[in-house]
Each structure stands twice: as structure tokens, then as C-alpha cells.
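A quick write-up on the structure given underneath.
Values below: all heavy atoms of this structure, side chains included; hydrogens, waters and symmetry mates excluded. Just so we're clear, the structure is a prediction, and the values are computed from it rather than from any experiment. Remember, it's 1-based here, ligands and their atoms both numbered in the order they're listed. Numbers here are sequence positions counted from 1.
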Amino acid sequence: MATRLTSDAKRDETAGPLVKAPRKPGGSKKPLAPERIAAILEELRKAYPDVVCALTHKNAWELTVATILSAQCTDVRVNLVTPALFKRFPTPKAMAAASLLELEELVRTTGFFRNKAKNIQGAARVVVEEFGGKVPQTMDEILRLPGVARKTGNVVLGSWYGIAAGVVVDTHVLRLSRRLELTSHTTPEKVEQDLAKIIPQDRWIQFSHELIHHGRAICIARKPRCVDCTLERLCDSSDKTWGSH
Ligand code: SF4
């Protein structure tokens, strides 16, 4: 008898019995086969055709600040905080001259607020003093901003400037890339290197948006909703909660 494992998941009754997928110790036979990668990309593109960055922003500077604030925090929470922050300090110049205590209060609810306030003010100062008030457009330059690592750099360069300098690897991209056997690494830097080798560069920007949305909605950390997953037939993860093959 089938075992129901996903009581809260919607399911297509034609999709077969609800059984836990048997663990395949070896995973996919050829996880990096070009046709498998192409199929994953196509399914994601079809599932999320218009996906965009979930952080509210009007320019590169706002996106930089929002991404710094999003560390260890939800985008929803960041979007609640940034309107008042940018109303009070609308430009890098204004934020560079702000009172640190006031900045801390404005970003307090995003967590790690002392560090984040220090970083966004430090970033504002570097943008003003070294880049004429504009967020730079190369990875080497943007990494000079305090609080900005490759993830934030890729978000800003990709989502605002449309420059595919790399692949955004956040917690969702890292988890899904491992479940889909696109990498075996555990650090964002190594995962990004693996993804950059197998994903065509013209898909880098959208691919990370798609994986982030898929990770939030379906391939969630604790109990992935495999019964609703468009990638299920391509996935042999040992984390699966349901399998058709
Ligand atoms: S089948 Fe399950 S584990 Fe695999 S990608 Fe989909 S939701 Fe994630």
C-alpha cells in the first residue's frame, strides 16, 4: 500500500502512487550529461518564465543595500525595512554621512544589525569616494565594498546591470544544485565554479533566479514537495519525498 508522505502537497492523481522514492546510492548515472542539464534548464524556464529578483529596489545602489541586508534574513523582511531606510537616506552620499546609530535602528529587524549598518555605511563611503557615487559594474570593483561578497556582486551585476559575471549561489541555489547533482561541493565559491562550467553563460542570471524561486516554493529544505516538482523525473536526490521512477 502506498505511504502518504506529503499530506500538505497538491498532487496530480495521474502522477502515480505516493511512495517514498527508493534511495539510489549512486544517484543519476550521468548527472552532468548535456542533455540532462538542458532538460533541467528547459523545465525551470517553463516553470518560471518571468522570474525577477524578489528584493524591492529602484537602482543599483538600493539593490546593493537590500542584498547586504538580506544575509540571514528573508526578502520579505528586507522589503519591509528598505522603504523607510531609503526615504531617510536616499543616496550613497546621504548614507555615507548618516549617524551609525540611526542606521542601526532602521535596519535592526533584519538581524546582525550593527554589522549590517556598518557595512552599508562603509559601502556608501566607498561608492562615493572611489566610484563617483555609482555602484561599479565589475566584480573586482564591487567586491571592494564592505559587506559585498560574490553573491551580492552577482545579484547586482546580474539583476541590475544585466552582466553575467557569475552565478548567484545563495542557500537555495546551493541546496538545489546538490540535490540535482550539479555539484558535490558545499561552499558557495566551489558550487559557483561548478555551475559556471555546466550552465551556459547566457542562462546564469535567470538560472539562479529560477532555482531560488524553486527552492522557496517547492524544493524546500526540510521536506521538498517532490510531488509538485517539475524536475522530479530528472531528480535522483536521496532527499526526495516522492518518486515516479
Ligand atoms: S524532485 Fe524533490 S528533491 Fe528533486 S528537485 Fe524536485 S523537489 Fe527537489
Side-chain angles (χ1 to χ4, degrees), residues 1-54 70 74-76 151 154-155 158 166-200 203-245:
M1 192 177 139
T3 307
R4 189 169 186 85
L5 295 171
T6 53
S7 57
D8 55 343
K10 285 192 273 103
R11 88 179 276 268
D12 173 357
E13 294 299 336
T14 64
L18 277 171
V19 292
K20 184 171 174 66
R23 180 172 178 146
K24 298 183 180 181
S28 303
K29 283 208 176 74
K30 290 187 180 171
L32 302 183
E35 55 274 20
R36 179 174 184 269
I37 305 293
I40 290 172
L41 290 174
E42 179 61 10
E43 289 299 333
L44 287 170
R45 190 188 60 76
K46 280 194 291 189
Y48 306 101
D50 304 312
V51 72
V52 291
C53 178
S70 72
T74 65
D75 290 356
V76 172
K151 187 194 88 170
N154 279 324
V155 168
V167 183
V168 175
V169 178
D170 74 345
T171 182
H172 300 292
V173 175
L174 198 151
R175 182 178 70 256
L176 269 67
S177 297
R178 286 177 54 79
R179 283 180 174 168
L180 290 166
E181 300 172 86
L182 304 180
T183 184
S184 57
H185 284 111
T186 54
T187 63
E189 295 76 16
K190 295 272 190 192
V191 171
E192 184 183 354
Q193 286 168 12
D194 282 351
L195 293 176
K197 282 184 211 143
I198 55 174
I199 307 295
R203 285 288 275 113
W204 286 359
I205 297 171
Q206 281 310 102
F207 171 74
S208 45
H209 284 318
E210 291 158 1
L211 273 200
I212 289 166
H213 276 69
H214 198 60
R216 284 189 179 134
I218 304 290
C219 193
I220 50 185
R222 282 209 294 177
K223 193 176 169 191
R225 298 161 54 106
C226 306
V227 72
D228 293 324
C229 180
T230 187
L231 302 175
E232 189 277 325
R233 72 183 171 81
L234 296 161
C235 178
D236 287 304
S237 170
S238 58
D239 290 343
K240 282 175 79 168
T241 54
W242 179 82
S244 65
H245 62 284

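- Contact annotation for C235 and ligand 1: only side-chain heavy atoms (C-beta onward) come within less than 4.0 Å of the ligand.
- Among protein heavy atoms, the minimum distance from atom 6 (Fe) of ligand 1 is reached at C229 SG, 2.3 Å.
- C226 SG, 2.3 Å is the protein heavy atom nearest to atom 2 (Fe) of ligand 1.
- Using a cut-off of 2.8 Å, one finds that C219 contributes an N/O/S atom close to atom 8 (Fe) of ligand 1.
- Atom CD1 of I40 sits about 10.0 Å away from atom CG of L176, to the nearest 0.5 Å.
- Residues D239 and R175 are not paired through a salt bridge, judged by the lack of any N-O separation under 4.0 Å between the basic side chain and the carboxylate.
- Between Y48 and H213, the ring-plane angle classifies as tilted under the 30° and 60° cut-offs.
- In the vicinity of E232, heavy-atom distances shorter than 4.0 Å reach the ligand 1 atoms 1 (S).
- Among all heavy-atom pairs drawn from P31 and R36, the shortest one is O-NH1, 2.8 Å.
- The pair K30-E35 fails the salt-bridge criterion, with no side-chain N (NZ, NE, NH1 or NH2) lying under 4.0 Å from an Asp/Glu carboxylate O.
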